[in-house]
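A quick write-up on the structure given underneath.
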Amino acid sequence: SYATRTSPVLRGKWVLENLLGAPPPPPPPNVPDLEVTESTEGLSIRDRMVKHRANPGCASCHARMDPYGFALENFDAIGRWRTREGDGKAIDASASLPDGTSFNGPAELRATILRRPEEFVKTFTRKLLTYEQIDANKESIKGTFAKFMTFGNGRSDAVMADNAEW
């Protein structure tokens with residue numbers, strides 16, 4: 001998020017990169033930032049994003065990113081829980097992915113991500129090995145991933161298990 005407002009785009013990009021291992025491509029050249037103009041003043045961040053996505057060059061990536069960020073809109077710019085926008089309007093944390101999967105809020109987002117544990121665990125493994133400064137080559141990632149899926153039954157709490165069990 002930014003200092004003064006949330007950013008479903010930045011949050012959605014973070015989820016894609018850090019939880020799902022599917023970073024979006026960089027934005028096309030000459031795409032303007034989301035700005036407050038006379039035509040968008042008073043609109044919610046969601047409504048401004050709808051206007052931004054009217055540009056077909058923007059829509060393809062935003063269709064993948066924005067839903068994840070919208071599900072996190074209950075958190076303000078510094079992470080506090082909120083149920084209303086600054087103007088008093090209720091937060092709309094509902095979202096739909098391009099494949100039709102719908103969710104509302106962070107709890108349903110979590111459940112949606114965990115319905116396909118392979119993507120999350122593979123990305124988590126890659127990030128963990130990088131953090132631990134272990135050689136995160138393809139074979140070590142595949143091996144660690146297989147151990148998580150076998151011994152941990154795909155649960156992220158398997159990470160906390162004693163490595164001796166592997």
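One is the number of the first residue; the rest follow in order along the sequence.
- Side-chain contact between C61 and P27: absent, with no pair of heavy atoms (C-beta onward) separated by less than 4.5 Å.
- Remark: the backbone N or O of R82 is paired with a side-chain donor or acceptor of N74 at under 3.5 angstrom.
- Interatomic distance, CG of L19 versus NZ of K127, reported as 9.0 Å (0.5 Å rounding).
- Across all their heavy atoms, R64 and A22 have their closest contact at NH2-O, 2.8 Å.
- When the side chains of ILVMFWY residues are joined at heavy-atom separations under 4.5 Å, either directly or via intervening members, V50 and L97 end up in two distinct hydrophobic clusters.
- With rounding to the nearest 0.5 Å, the separation of OH in Y68 from CG in L109 is 7.5 Å.
- For the pair R11 (side chain) and L72 (backbone), a donor-acceptor distance under 3.5 Å is present.
- Donor-acceptor pairing under 3.5 Å is lacking for the side chains of T112 and T101.
- Atom CZ of F124 sits about 11.5 Å away from atom CG of N18, to the nearest 0.5 Å.
- A distance of 3.0 Å separates OG1 of T6 from CD of E73, quoted to the nearest 0.5 Å.
- Residues D66 and V9 form a side-chain contact, since some pair of their non-hydrogen atoms from C-beta on lies under 4.5 Å apart.
- Between E85 atom CD and I91 atom CD1 the span is 4.0 Å, to the nearest 0.5 Å.
- For S94 against N104, the heavy-atom pair with the smallest separation is N-OD1, 3.4 Å.
- L114 and L16 fall within a single hydrophobic cluster, where Ile, Leu, Val, Met, Phe, Trp and Tyr side chains are chained together by heavy-atom contacts under 4.5 Å.
- Ring orientation note: the planes of F75 and W81 are nearly perpendicular, at an angle over 60° on the 30°/60° scale.
- E17 approaches P24 most closely through the heavy-atom pair CG-CD, 4.3 Å.
- Smallest separation of non-hydrogen atoms from D76 and I78: OD1-N, 2.9 Å.
- R115 contributes atom CZ, which lies 9.5 Å from atom CZ of F103 (distance to the nearest 0.5 angstrom).
- Nearest heavy-atom pair, A95 versus P67, reported as atom, atom and distance to 0.1 Å: CB-O, 3.3 Å.
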